[in-house]
2 protein chains.
Amino acid sequence: MQRTTRQRTAVAELLEHSAEFRSAQEVHRMLADRGESVGLATVYRTLQALAEVGEVDALRGPDGEVRYRRCDEQAHHHHLVCRRCGTAVELDAAAVEAWSGTIAAAHGFTAVEHTIELFGLCATCSAADARA
Amino acid sequence: MQRTTRQRTAVAELLEHSAEFRSAQEVHRMLADRGESVGLATVYRTLQALAEVGEVDALRGPDGEVRYRRCDEQAHHHHLVCRRCGTAVELDAAAVEAWSGTIAAAHGFTAVEHTIELFGLCATCSAADARA
DNA sequence: GACTCAATGAGAACGATTGTCAAAACGGCT
DNA sequence: AGCCGTTTTGACAATCGTTCTCATTGAGTC
Ligand SMILES: [Zn+2]
Ligand SMILES: [Zn+2]
Ligand SMILES: [Zn+2]
Ligand SMILES: [Zn+2]
């Protein structure tokens, strides 16, 4: 049976209060800074578990690192993510979904999945950039 | 100045005759098997260079590996890729392009880029799977 | 052929992620 | 509270893709 441990609680807690996408390494470091140190391997395991259950969303950034975040929307959706600070906007892309399904079928592909994410600089980070 | 070497020719040549997305590691192995051995570092450098110039398209598969392939379409486009054999279909997604641009602007994001790729099993691989 | 400088490649270094396994900690039970 | 079987943890090693280093090689030029 699934047990409730200090570590799992700490990780879930952190994501709960974070609006940005965070990598396992970041979570690990942030918890350490906060004095709630959790083993790196455990952070990875916990995040993956949460993602599998659908508790959190996972996506691979342009740099190849996988990032996680707890989304409001439970259903399938995509994101517009700030590549600087990780802030994300949840997108409902019904039109795009339909498009991908149709295209795939038209080419005889099965078991189709898709990766649709938008990366940019959020308003805040854009402003900061302009000032610099 | 850019020099023409046996290695660069070999890599370009291989991509030229391959319809599938190939990773650097795969290219390196394939060349070795074919007797045209090229250093791994060189393969990486060459593929990246080709990608930068737009000679080939690069995309990161679900497993995190970057794959390259020479596409017919020179303009910006996306793909429907077989996650088994790497075969790819080039997609013209004007509608999706417009969508991503509009969405991004609506949220105040700048310098927006997008990742839009579809992965599945091509007709051939689907059939092979069913038989097994 | 001689010279110069880009290119190569073997191997080390890297950074993210996964595997290992003995020790620590839950949770149910008494 | 104390026991116990099972789950979890975490320090550390191992993987894996990719990048870096730097001595050696070779393309292009005269
Ligand atoms: Zn930002
Ligand atoms: Zn979708
Ligand atoms: Zn296939
Ligand atoms: Zn596009």
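Throughout, protein chains are lettered first and strands after them, A, B, ... in sequence-line order, and every chain is numbered starting at 1. As the structure is a computational prediction, the values presented were derived from the model and not from experiment.
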Remember a base hit wins even if backbone is also touched, and classify B/E26 as base, sugar-phosphate or nothing at under 4.0 Å, heavy atoms.
nothing
Would you indicate what A/Q2 reaches in the nucleic acid, counting non-hydrogen atoms under 4.0 angstrom: base, sugar-phosphate, or nothing?
sugar-phosphate
Protein-nucleotide distance ([X], atom [atom1]; [N], atom [atom2]), rounded to Å:
X     : N      : atom1 : atom2 : answer
B/R3  : D/dT25 : CZ    : P     : 16 Å
A/L40 : D/dA13 : CG    : C1'   : 13 Å
A/R29 : C/dT17 : CZ    : P     : 12 Å
A/M1  : D/dT7  : CE    : P     : 8 Å
A/H28 : C/dA16 : NE2   : C1'   : 13 Å
B/Q48 : C/dT8  : CD    : P     : 13 Å
A/L47 : D/dT9  : CG    : P     : 12 Å

Nearest-0.5 Å distance, OG of residue A/S23 to CG of residue A/L47:
9.0 Å
Compare side-chain N and O positions of [X] against OP1 and OP2 of [N] and report whether any pair is under 4.0 Å apart.
X     : N      : value
B/Y44 : D/dT19 : no
B/T5  : C/dA6  : no
B/R6  : C/dG9  : yes
A/T42 : D/dT8  : no
A/R8  : D/dT9  : yes
B/Q7  : C/dG9  : yes
A/T4  : C/dC26 : no

Would a distance-only check, ignoring hydrogens and angles, find a side-chain to backbone donor-acceptor pair under 3.5 Å from B/T46 to B/T42?
yes
Using only atom types and a distance under 3.5 Å, with no angle test, would you say the side chain of B/R22 pairs donor to acceptor with the backbone of B/E26?
no
Closest-nucleotide ordering on DNA chain D, the 5'-leading residue of B/E65 and B/A41
B/E65
Between the side chains of B/R70 and B/E55, is the shortest nitrogen-to-carboxylate-oxygen separation below 4.0 Å, so that they form an ion pair?
yes
Between B/H114 and A/H78, is the ring centroid distance below 6.0 Å?
no
Given the structure, check if the side chain of A/R45 and the base of C/dG19 hold any donor-acceptor pair shorter than 3.5 Å.
no
